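Proteins get letters first, then strands, A, B, ... in listed order; numbering begins at 1 in each. Values below: all heavy atoms of this structure, side chains included; hydrogens, waters and symmetry mates excluded. As the structure is a computational prediction, the values presented were derived from the model and not from experiment.
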Amino acid sequence: MGDVLVFAEHVKGKLPKTTLAGIAAGKQAASRLGGACHAAVLGKGVDAVAAEVAAYGVSKVFVVESDALEHYVADAYTDALAQVVKDKGIEMLVATSTAVGKDLLPRVAARLGAGMASEVVHFNEDGTLTRPMYAGNVIATVKIEGSPQVVSVRATAFDAAKKEGSGAVEKLSASLDAAKLKTRFVEFKETKSDRPVLTEASIVVSGGRGLKNGENFTTYLEPLCEALGAAMGASRAAVDAGFVPNDLQVGQTGKVVAPTLYIAVGISGAIQHLAGMKDSKTIVAINKDAEAPIFQVADYGLVADLFKAVPELTEEVKKLKH
Amino acid sequence: MKILVPAKRVPDPNSTIKVKTDGSGIVTDGLKWVINPFDEIAIEEALRIKEKLGGGEVVLAGIGSKASSEQLRTGLAMGADRAILVVTEEAIDSLAVARILHKLVEAEKVDLVLMGKQAIDADSNQAGQMLAELLGWPQATFASQVELAADQKSAKVTREVDGGLEVIELPLPAVVTADLRLNEPRYASLPGIMKARKKELKEIPLADLGVDTAPRLKVVKMEPPAKRQGGRKVETVQDLIQALHSEAKVI
Ligand SMILES: Cc1cc2nc3c(=O)[nH]c(=O)nc-3n(C[C@H](O)[C@H](O)[C@H](O)COP(=O)(O)OP(=O)(O)OC[C@H]3O[C@@H](n4cnc5c(N)ncnc54)[C@H](O)[C@@H]3O)c2cc1C
């Protein structure tokens, strides 16, 4: 019998869609292993969020509260999470590959001496796992040897868990050795935005180097995002050039998204960019170069000057919505 | 300050990766090999720290076949002082990499490990975090800025995280992993390349380290991804909006 533990990340007291996908993944894993799916909620003042996690059909929610866990830091969170895994005899630890998940899980795996697979997209019947490698050029079947196993999952590969039943919340006392905790959280410089979060939005409009500068993102792309209720994304080139903040980067080494509609504007379609968006349901590309590789994955390609096409498109969308 | 920078040999990110028909790996014939781009950024950062402090040592560490010495030479040509290559033909997973590096860090008495946040072949993003844990050191992953304190006893690191930038402070020794925006790596200069030929590149057989490298993660099979069906070109914005509204029904 192998029980699964999902690390349930919460942001400002809420459960982002990425966490719900992680819970869904944990349930898939538990059904393969023939065990229960539990969740762990770490933090300070997390009663409400723990109760919410319990409503998503997990067997138990283990809660670890401490002042040291108020802000996420790798060492304190590793201590707490590894203790839950050990105390509860967990067979597989699962978390979503968010910035926190990516930072935390390998450290916990090393603490447990466990093998880890990153960005898993499927739990196979025979116990193997499926994950992309080489910027998505390779789909690999992998196997973790030994026990426990540690798995980070790609949020876009799992439908968000739905509310069903209600698990029991169990508070655990953590023995966090404050003297050994070395990392100090200083500040979080939040990217302020009224638009939907990139990894939650059903429509994403991304801009590339073709936008030429940051002002053009504001003048051309933002009104289109507004009209569509879309999140804004970007290519690495646009981020490197400082047009938009880092956390908008979509791709192999940025965020992976799979919205219903993805519109790539002035993006050439390098393999590293495609790795982050090619599972979108419908892809639109607007590029003045008819040979741009982005057109090979686009359902609808418009060969045009974006500075002409984007304002037109924005107007058409507005008309449609009226 | 002594800084260790692991550097991995990976296929050039611009090359086309094909899977062998028997699924046992990728086709390596004709591939161009480079230093993992994130490791290159880590090397650059180490060199800048050394230059700023006006002293110290930057040691590169490679793990892999003897061919990896090519990439280590490139790193030496950028300005690193010497290199260690742990020679093995085996497939090494992230935990084994961390265990090997752990040995090297202890043997070398390193003050700081700077490494890439992920290697662009396996895309695992694990080794730095695992190494930090094995050493019992603090970690700062996905770094876009590293500021050393004047007394060199701690560092303030800005990290690229979801929804913005996070700043953390950690005492040294520590493990820091580089994200894309940390710096723009220099090219090796011609004099740098000449000098690199004479720099020390020590090869150590993996077996000599006495590390448990039995893989905890095994690749059973590789396949090419399902190909996405290309669509069609539309002539005008009107056609596009029509298609999205009536055909794809996404707006
Ligand atoms: C280690 C590594 C990791 C990477 N990770 C990522 C990643 O996560 N995400 C990512 O995106 N990239 C990543 N890259 C970079 C990637 O290889 C490409 O360089 C990048 O995606 C290119 O961005 P771009 O398409 O905006 O720019 P370009 O390739 O320069 O394309 C600009 C496009 O805009 C078009 N254009 C210009 N003007 C107009 C106009 N007026 N109207 C219409 N079209 C116009 C051009 O025809 C061109 O196709 C990575 C690279 C490396 C080496």
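Within residues 277-284 of chain A, the residues approaching chain B closer than 4.5 Å by heavy atoms are, in numerical order, A:K278, A:D279, A:S280, A:K281, A:T282, A:I283, A:V284.
In summary, B:R228 and A:D299 engage in a salt bridge, as defined by a charged side-chain N under 4.0 Å from a carboxylate O. The existence of a salt bridge linking A:D103 and B:R159 is confirmed by a sub-4.0 Å separation between a basic side-chain nitrogen and an acidic carboxylate oxygen.
In this structure, B:H245 and A:L320 have side chains that are in contact, with non-hydrogen atoms separated by less than 4.5 Å. With a 4.5 Å cut-off on side-chain heavy atoms, A:L302 and B:V237 count as touching. In this structure the side chain of B:N125 never reaches within 4.5 angstrom of the side chain of A:E119, judged on heavy atoms. A:S118 is listed as a side-chain neighbour of B:Q126, based on a closest heavy-atom distance under 4.5 Å. B:D162 is not listed as a side-chain neighbour of A:V100, based on a closest heavy-atom distance of 4.5 Å or more.
When the candidates B:R232, B:R99, B:Q118 are compared by the number of heavy-atom contacts under 4.5 Å with chain A, B:R232 comes out ahead. Contact count versus chain A (heavy atoms, under 4.5 Å) is highest, among B:L165, B:T141, B:I168, for B:L165. Per-residue heavy-atom pair counts under 4.5 Å with chain A were compared for B:L180, B:V219, B:L244, and the maximum is reached by B:L180. Comparing B:V10, B:D212, B:I26, B:L134 by how many heavy-atom pairs each has under 4.5 Å with chain A, the most go to B:I26. When each of A:L228, A:V310, A:D75, A:V297 is checked for heavy-atom pairs under 4.5 Å with chain B, A:V297 comes out on top. Of the listed residues (B:P138, B:G231, B:S144, B:G163), the one with the most heavy-atom contacts under 4.5 Å to chain A is B:G163. Annotation: maximal heavy-atom pairing with chain B below 4.5 Å, among A:P245, A:G146, A:P132, A:A117, occurs at A:A117. Interface remark: of the candidates B:A119, B:A132, B:P11, B:P224, B:A132 forms the most heavy-atom pairs closer than 4.5 Å to chain A.
For A:T78, the side-chain hydrogen bond (donor to acceptor under 3.5 Å, both in side chains) criterion is met by no residue, not counting sequence neighbours. With sequence neighbours left out, B:D239 forms a side-chain contact (heavy atoms from CB on, under 4.5 Å) with B:V234, B:E235, B:T236. Contacts of B:E44 classified as salt bridge (Lys or Arg N to Asp or Glu O under 4.0 Å), with partners at least two apart in sequence or in another chain: B:R48, B:R186.
Because its NZ or CZ atom is both nearer than 6.0 Å to the ring centre of A:F295 and within 45° of the ring axis, B:K233 counts as a cation-pi partner of that residue.
Summarising the geometry, atom OG1 belonging to A:T128 is positioned 8.0 Å from atom NZ belonging to B:K221; distances are rounded to the nearest 0.5 Å. The distance from the CD1 atom of A:I271 to the CD1 atom of B:I17 is 9.0 Å, given to the nearest 0.5 Å. Residue A:R184 holds its CZ atom at 10.5 Å from CG of B:L170, rounded to the nearest 0.5 Å. For the atom pair OG (B:S154) and NZ (A:K182), the distance works out to 13.5 Å, reported to the nearest 0.5 Å. Here A:N246 contributes atom CG and B:D179 contributes atom CG; the two are 7.5 Å apart, rounded to the nearest 0.5 Å. The structure places CG of A:L105 at 9.0 Å from CE of B:M130, a figure rounded to the nearest 0.5 Å.
Proximity to chain A involves both the backbone and the side chain of B:L217, based on heavy atoms less than 4.5 angstrom apart. The parts of B:P13 that come within reach of chain A are both its backbone and its side chain, each placing non-hydrogen atoms under 4.5 angstrom from that chain. Looking at B:I120, both its backbone and its side chain come within 4.5 Å of chain A, counting heavy atoms on both sides. Only the side chain of B:R181 comes within contact range of chain A, judged by heavy atoms closer than 4.5 Å. Of the two parts of B:L131, neither the backbone nor the side chain holds a non-hydrogen atom closer than 4.5 Å to a non-hydrogen atom of chain A. For A:A304, no part lies near chain B; criterion is any non-hydrogen pair under 4.5 Å. Contact of A:A114 with chain B is made through the backbone alone, with heavy-atom distances under 4.5 Å. There is no contact between B:D93 and chain A, counting heavy-atom distances below 4.5 Å. There is no contact between B:A98 and chain A, counting heavy-atom distances below 4.5 Å. For B:S94, no part sits under 4.5 Å from any heavy atom of chain A, backbone or side chain. Heavy atoms closer than 4.5 Å to chain A are found nowhere in B:K18, neither backbone nor side chain. For chain A, the nearby parts of B:Q139 are the backbone and the side chain; heavy atoms of each come within less than 4.5 Å. Contact of A:Q249 with chain B is made through the side chain alone, with heavy-atom distances under 4.5 Å.
Listed for the B:R216 side chain is no donor-acceptor partner under 3.5 Å among the backbone atoms of A:Q149. A donor-acceptor contact shorter than 3.5 Å is absent between the side chain of A:K189 and the backbone of B:T158. Put simply, the side chain of B:Q129 gets close to the backbone of A:K102: a donor and an acceptor are under 3.5 Å apart. Proximity of a side-chain donor or acceptor of A:R131 to a complementary backbone N or O of B:D123 within less than 3.5 Å is detected. Between the side chain of B:K117 and the backbone N or O of A:T253, at least one donor-acceptor pair lies under 3.5 Å.
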- Query: Can you list the steps and then say if B:V220 with A:V142 is a side-chain contact (heavy atoms from CB on, under 4.5 Å)?
  - Reply: CA-CA 5 Å; B:V220 180; A:V142 302; 5.7 Å; no
- Message: Quick one, A:E316 with B:L240, criterion side-chain contact (heavy atoms from CB on, under 4.5 Å). Give me CA distance, side-chain angles, the key distance, then yes/no.
- Response: CA-CA 10 Å; A:E316 291 297 329; B:L240 176 60; over 6 Å; no
- Task: Decide side-chain hydrogen bond (donor to acceptor under 3.5 Å, both in side chains) for B:E166 and A:Y72; before the verdict, give the C-alpha distance in whole Å, the side-chain angles of both, and the deciding distance to 0.1 Å.
- Result: CA-CA 10 Å; B:E166 183 192 78; A:Y72 169 78; over 6 Å; no
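Summarising the local packing, NZ of B:K2 is surrounded by more than 12 heavy atoms from other residues, nucleotides or ligands at distances under 6.0 Å. Atom NZ of A:K321 has more than 12 heavy atoms from other residues, nucleotides or ligands within 6.0 Å.
In this structure, B:G164 and A:T191 approach most closely via the heavy-atom pair CA-OG1, 3.4 Å.
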